Amino acid sequence: LHYSLYKNSKEKTAGHRAEYSGTMVKLLVSVIMLYMSSEVTMSPLDDLFQYIDGHQDDFVQTLKQWVGIKSDSSDPRTWNEVERILNVTAVKIRDLGGIVEFADVGKQQMPNGESIPIPPVILAEFKKDPKKPTLCIYGHVDVQPAEKKDGWATDPYTLTEVNGNLYGRGATDNKGPVLAWIHAVETYQAMKKEIPVNLKFIIEGMEEVGSTGLETLVKQRNDSFFADVNYIVISDNVWVSKKPALTYGTRGNTYFLVEVEGQKQDMHSGVFGGSVHEPLINLIALLGSLVDSKGTILIPGINEAVAPLTEEERKLYEGIDFDLEEHKNDTGVTRFLHDTKEDILMSRWRYPALSIHGIEGAFSAPGTKTVIPRKVTGKFSIRQVPNMDPPVVERQVTEHLQEIFAKQNSPNKLKVTMVVDAKPWMADLKDPQYVAGQRAVKTVFGVEPDLIREGSTIPIARNFQEITGKSVMMLPIGGADDGEHSQNEKISRSNYIQGTKLFAAYVYELSQV
């Protein structure tokens, strides 16, 4: 009996040990598989991110060199500097193995009758694999004018780091993002990793003055340079807050000149005031008839043309990270025209807006001058949204102003001219680019991006979409407070470096969709 009990106990103990050993082996195998799985998941991007972090000072130094080139495209006298930055950009791309062409975009006639060459456009591409999709990256390296006396705290053409921000003209618009794309390519090559998509670049030096010649070039190269392009990405705008965002729409623009011409010369108000129809009084009445104090456009037919708000679109605005009080502090505005986040954003993005910009010919210098100007020109714009059409808007504006002018019973002459007619641009959020973009933002920043629209006008997005028929996306890395076009323009070091990671992650994710 004792022997039998002992034997049974020994057999049970051995069984328990075997069971325990089997469990431990299974657990160990699971841990190893989990570790290997984690390694596989991280390996495509983790070492790329480490390289970017380790070389961020080099990347900042390169941006400093680029910002130091005063590539102001608004003045033909500085176009040599625009060409200089284009050459620097080309060298950077060629050093990475890219093939670069300087595409001619014609000449521009100056007021003195002289014709001068417009700075060319860079068309670049890297080695192609027919099995991969092709991504074309658009950017520009020209900048707005800037002088320290305009109110800059630092020299606008000397990149200066203060509290983690990199201040300098072009830092965020658009030299920083262009370099971030180039550095993403450099990172793949440095880590001896194959870039998962084919890459092309189109980089211009005239964006800040309307992209002179670019639309014609795109049409000319649609069947060659763009023939094998699947996707076009633009990184030339900013987030709406501190949270990363993808942009899926921009407003268009129509810009009007309304001219009122009266007597043959300026008149003395003491001699003629009260006895003549004054052009400036006519013009003030015309401008005052365009929009009310609540921002509502008063021109018949404008508001009726706007695409209706769907429930699906309305929900997009609810989740956007946007602090009204913080926005007031950033802008110095004490009260907006609307009270809620949703209404503010929709008024900026998905509804038209009419802004009056100035009056040419009226006395505006310091001091006093008692003159009745003979001719004055008012300037205003209407931001376009779906489903507005610029030619229709032109007719509506002209008819409205003619009707108001007729009620004044003035003998003066009225002339209305539309000088800009850019349509709005919209993308499909279900497009593979936006799927890849959301995944890339999640990978780099750990959050889902805000899906936003842009209130300003970026004509090249619509042009690319209409001419090439390709998928177009905006993938910004600039912060809401970067101050593009303003004094003290900057990009944060974090956005610049994390943005480089974002671009590296994006091309990977695009290859996976």
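This structure is a prediction, so every number in the text was calculated from the model and none was measured.
Each of R383, Q384, R462 was evaluated against T457; a single residue qualifies, R383, per the side chain to side chain contact (heavy atoms under 4.5 Å, CB included) test. The side chain to side chain contact (heavy atoms under 4.5 Å, CB included) test with P120 singles out one residue from L86, V82, V105, and that residue is L86. Here the rule is ring-ring contact (aromatic ring centres under 6.0 Å, His included) with H183, and of F503, Y51, F59 only F59 fits it.
Here the closest heavy-atom approach between residue A504 and residue I52 is recorded as CB-CD1, 4.5 Å. Of all heavy-atom pairs spanning E208 and Q144, the tightest one is OE1-NE2, 3.1 Å. Nearest heavy-atom pair, A103 versus L123, reported as atom, atom and distance to 0.1 Å: CB-CD1, 3.9 Å. When all heavy atoms of I320 and L451 are compared, the closest pair comes out as CD1-O, 3.7 Å. In plain terms, the two heavy atoms of S492 and N165 that are nearest each other are CB-OD1, 3.4 Å.
In this structure a side-chain-to-backbone donor-acceptor pair under 3.5 Å is missing from D431 to D428. When atom types are taken as modelled, the side chain of T417 and the backbone of V419 share no donor-acceptor pair closer than 3.5 angstrom. With hydrogens and angles ignored, the 3.5 Å screen pairs a side-chain donor or acceptor of S511 with a backbone N or O of Y508. Put simply, the side chain of T62 gets close to the backbone of D58: a donor and an acceptor are under 3.5 Å apart.
By the 6.0 Å and 45° rule, K200 stacks over the aromatic ring of F225.
Residues I137 and L135 have side chains in contact (heavy-atom distance under 4.5 Å, counting atoms from C-beta outward). At least one side-chain heavy atom of M206 sits less than 4.5 Å from a side-chain heavy atom of I118. Residues Y506 and R439 are not in side-chain contact: their nearest non-hydrogen atoms beyond the backbone lie 4.5 Å or more apart. Side-chain atoms of N198 and F126, non-hydrogen and from C-beta on, never get closer than 4.5 Å to each other.
Relative orientation of the Y255 and H357 rings is parallel, given thresholds of 30° and 60° on the angle between their planes. Ring-plane geometry between Y138 and H140 is classed as tilted, the angle between the planes lying from 30 to 60 degrees on a 0 to 90 degree scale.
For NZ of K64, the number of neighbouring non-hydrogen atoms (other residues, nucleotides, ligands) closer than 6.0 Å is 12 at most. Around atom CG of L257, more than 12 heavy atoms belonging to other residues, nucleotides or ligands sit under 6.0 Å away. Counting non-hydrogen atoms of neighbouring residues, nucleotides and ligands closer than 6.0 angstrom, the NZ atom of K328 exceeds 12 such neighbours. Around CD of E194, the count of heavy atoms belonging to other residues, nucleotides or ligands within 6.0 Å does not exceed 12. Atom CG of D223 sits in a sparse spot, with 12 or fewer heavy atoms from other residues, nucleotides or ligands closer than 6.0 Å. The local environment of CG in N112 is crowded, with over 12 non-hydrogen atoms from other residues, nucleotides or ligands closer than 6.0 Å.
D321 and K242 are not joined by a salt bridge, as no carboxylate oxygen comes within less than 4.0 angstrom of a charged side-chain nitrogen. Look at D129 and K131 and you find no salt bridge, because none of the NZ, NE, NH1 or NH2 atoms lies under 4.0 Å from a carboxylate O. Under a 4.0 Å N-O distance rule, the pair K315/E312 does not qualify as a salt bridge. With respect to the salt-bridge test (charged N to carboxylate O, under 4.0 angstrom), the residues E448 and K243 do not qualify. For the pair R251 and E454, the salt-bridge criterion is not met [side-chain N within less than 4.0 Å of a carboxylate O].
Annotation: the span from L502 atom CG to L475 atom CG amounts to 4.5 Å, rounded to 0.5 Å. Atoms CD and CD1, on E204 and I122 in that order, are 11.0 Å from each other to the nearest 0.5 Å. The line from OG1 of T134 to CD1 of I232 is 11.5 Å long, rounded to the nearest 0.5 Å.
Taking the six-membered ring for Trp and the full ring otherwise, the centers of W181 and Y188 sit at least 6.0 Å from each other.
Contacts classified as salt bridge (Lys or Arg N to Asp or Glu O under 4.0 Å) and involving residues 166-180 (residues at least two apart or in different chains) are given here: R169-E489. Residue pairs satisfying the salt bridge (Lys or Arg N to Asp or Glu O under 4.0 Å) criterion with at least one member in residues 477-487, sequence neighbours excluded, are listed as follows: D481-K490, D482-K490.
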### Message
Test side chain to side chain contact (heavy atoms under 4.5 Å, CB included) on V393 and Q396; report intermediate values, then the result.
### Response
CA-CA 5 Å; V393 172; Q396 292 167 335; 4.2 Å; yes
### Query
What do the steps show when you test H327 against F336 for ring pair (Phe, Tyr, Trp, His ring centres under 6.0 Å), and what is the final call?
CA-CA 10 Å; H327 194 53; F336 290 107; 5.5 Å; yes
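R453 meets the side chain to side chain contact (heavy atoms under 4.5 Å, CB included) test with Y248, E313, Y317, W349, R350, P386, M426; sequence neighbours excluded.
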